[in-house]
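Inspection log for the structure reproduced underneath, given as structure tokens.
All chains are named by letter (A, B, ...) in the order of the sequence lines, taking the proteins before the strands, and each is independently numbered beginning at 1.
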Protein chains: 2
Amino acid sequence: MIENSSLILQSPLFYGINEEDLSHLLPCLKAFTKTYSKNEIIFLAGSTIHHTCVVLQGGVQIVYEDILGNRTIFSRVTNGELFGETFSFFESEPIPISVISDDNTLVLFLDCRQILTTCSSTCKFHHQLIENMLRIFARKNIFLNKKIRYLSKRTTREKLLSYLSDEATASGKGIFSIPFSRQELADFLCVERSAMSTELNKLKKEGILDFHKNQFRFQQS
Amino acid sequence: MIENSSLILQSPLFYGINEEDLSHLLPCLKAFTKTYSKNEIIFLAGSTIHHTCVVLQGGVQIVYEDILGNRTIFSRVTNGELFGETFSFFESEPIPISVISDDNTLVLFLDCRQILTTCSSTCKFHHQLIENMLRIFARKNIFLNKKIRYLSKRTTREKLLSYLSDEATASGKGIFSIPFSRQELADFLCVERSAMSTELNKLKKEGILDFHKNQFRFQQS
DNA sequence: CCTCATTTGTTGGAAAAACAACATATTTTT
DNA sequence: AAAAATATGTTGTTTTTCCAACAAATGAGG
């Protein structure tokens, strides 16, 4: 019986794998867990990493900070999602981002070399793991492409609209919520918070958008 | 003996696979090739795709165009590199980008469903293919992350400097060249061409950067 | 309930980008 | 080699963002 196995099995990385399989797989991946409280540094930009990580509880932020101190939130990674997987394939290269816990957070560490190396004989589930990994990469790729679409817009207004309309579509509902505070949203879209605030309220006055805190809604025309 | 096998084997997707293996693998992936002349549309935004493609000769551009007609070049894909692989994992979703040939271009099409499905018994090389795919995804991820880093900069000047310094580092040489015309570079960095031109020449006057056509060099301080 | 800290909204001036229109340079075509 | 088409550079104006300082609202703790 493995600790946290139910949490682990909820991750898309372990899709199609059962508890029995997991008990073989985890030692093979040299897995271990670690807990963090809020705002602890898990990976620091400039270091090299050798693990792919799964957030089991809580959440972490992927943060890029340039020399001048401009902070950019790449994304927030929560339950079941991965981080570090991209860079763990190029172990010698220093990572350009930091990972910081956003909460009380439980993280599963997996030895990245063991993921690719299909272990001995009976490792059906190992193949499943690699397949899962591919899908996760594809999805992350799509996310990055989306973000690039937002950032490619020239004005704060267009960035907001492209992001929010994506979120509206994704939610499938009229009213949708976003996982960011105003400052975080500004960081995510790489714009000035105050200018963004002004722009949001302009959109509200113009009757295009309605919002209260993190709840948004596009007005019917 | 397979047509174009030497070109195919040069692709990172087929790393570690020999010509003998390839002759088994290609039919299993339902592979076929197609030629395009310059500026032909290979994939059109909004359609759904069912193939992962490898550029065997020439090059293609990954282009995003919004409703207002603002064109953004995501990237240029050339010899041996892939496109479509990300979206082929989610066959039902319409793709948000178009792919346009940039030259006389030879493209290898692979049935995306066959890549994941490890075929029958003896398919060692199929596993190799999946491993290669993972590395390619990881690398593409890093590229997207880089691009996000450039776009996250607030000013044209900073975008230019972050991109060019990355290119300088990557080349390892003092003088380096970039694969873009001025208009393409502006599109890639999502800035105004004329403003970028002004900024480039300002950097030259200030003695920070020197350039002629596509050849750039950072001045020693 | 009050105080303090944090987040969010507002405003005006400075800086930068977008835009437009045109000048110059380069490449392609004939 | 000349003409046409394309790419790049320049300049002045308009628009937008950035920045800073402050005001208002919200939230947390005692």
(request) Determine, for B/R113 against B/E91, whether the closest basic-nitrogen to carboxylate-oxygen distance falls under 4.0 angstrom. (result) yes

(request) Starting at atom CD of B/Q215, determine the distance to atom C1' of D/dT8, rounded to an integer number of angstrom. (result) 17 Å

(request) State, without any angle test, whether A/S88 and A/E85 hold a side-chain donor-acceptor pair at a distance under 3.5 Å. (result) no

(request) Would you mind telling me which of D/dC18, C/dT26, C/dA20 lies closest to the side-chain atoms of A/E192? (result) D/dC18

(message) Taking the basic N atoms (NZ, or NE/NH1/NH2) and the acidic carboxylate oxygens, is any pair closer than 4.0 Å for B/D187 and B/R193?
(response) no

(message) Rounded to whole Å, how long is the line connecting atom CG of B/L200 with atom P of D/dT8?
(response) 11 Å

(request) Starting at atom CE of A/M196, determine the distance to atom P of C/dG9, rounded to an integer number of angstrom. (result) 8 Å

(request) Among C/dA18, D/dT8, D/dT17, find the nucleotide with the atom closest to the side chain of B/R193. (result) D/dT8

(message) Expressed as a whole number of angstroms, how long is the span from B/E184:CD to D/dT8:P?
(response) 8 Å

(message) Within the 4.0 Å heavy-atom criterion, would you say A/K213 contacts the bases, only the backbone, or no part of the nucleic acid?
(response) sugar-phosphate

(request) Select one nucleotide: of C/dG9, D/dC18, D/dT10, the one nearest the side-chain heavy atoms of A/F211. (result) C/dG9

(request) Classify the nucleic acid contact of A/E199 as base, sugar-phosphate or nothing, counting any heavy atom under 4.0 Å across all strands shown. (result) sugar-phosphate

(request) Would you mind telling me which residue lines up with the more 5' stretch of DNA chain C, A/T155 or A/S194, judged by nearest nucleotide? (result) A/S194

(request) Please figure out whether A/H212 or A/T156 has its closest DNA chain D nucleotide nearer the 5' end. (result) A/T156

(message) Is B/K159 close enough to C/dA16 that one of its side-chain N or O atoms is under 4.0 Å from OP1 or OP2 there?
(response) no

(request) Report the distance from atom CG of B/L203 to atom C1' of D/dG9, rounded to the nearest whole Å. (result) 15 Å

(request) May I have the distance from B/E158 (atom CD) to D/dC18 (atom P), rounded to whole angstrom? (result) 11 Å

(request) Check whether any side-chain N or O of B/R182 sits under 4.0 Å from OP1 or OP2 of D/dG9, and answer yes or no. (result) yes

(request) Could you state the atom-to-atom distance from CZ of B/F180 to C1' of D/dA7 in whole Å? (result) 17 Å

(message) Assess, by modelled atom type and distance only, whether the side chains of B/S5 and B/E19 contain a donor and an acceptor separated by less than 3.5 Å.
(response) yes

(request) Side chain of A/N201 only, please: which of C/dT10, D/dT26, D/dT11 is the nearest? (result) C/dT10

(message) Taking the nucleotide of DNA chain D with the nearest heavy atom to each, does A/R157 or B/T198 sit closer to the 5' end?
(response) B/T198

(request) Please determine, for the side chain of B/S181, which listed nucleotide (D/dT17, C/dG9, D/dT8) has the closest atom? (result) D/dT8

(request) Write down the distance between CD (B/Q183) and P (C/dT26), rounded to a whole number of angstrom. (result) 18 Å

(request) Determine, for A/E192 against B/R154, whether the closest basic-nitrogen to carboxylate-oxygen distance falls under 4.0 angstrom. (result) yes

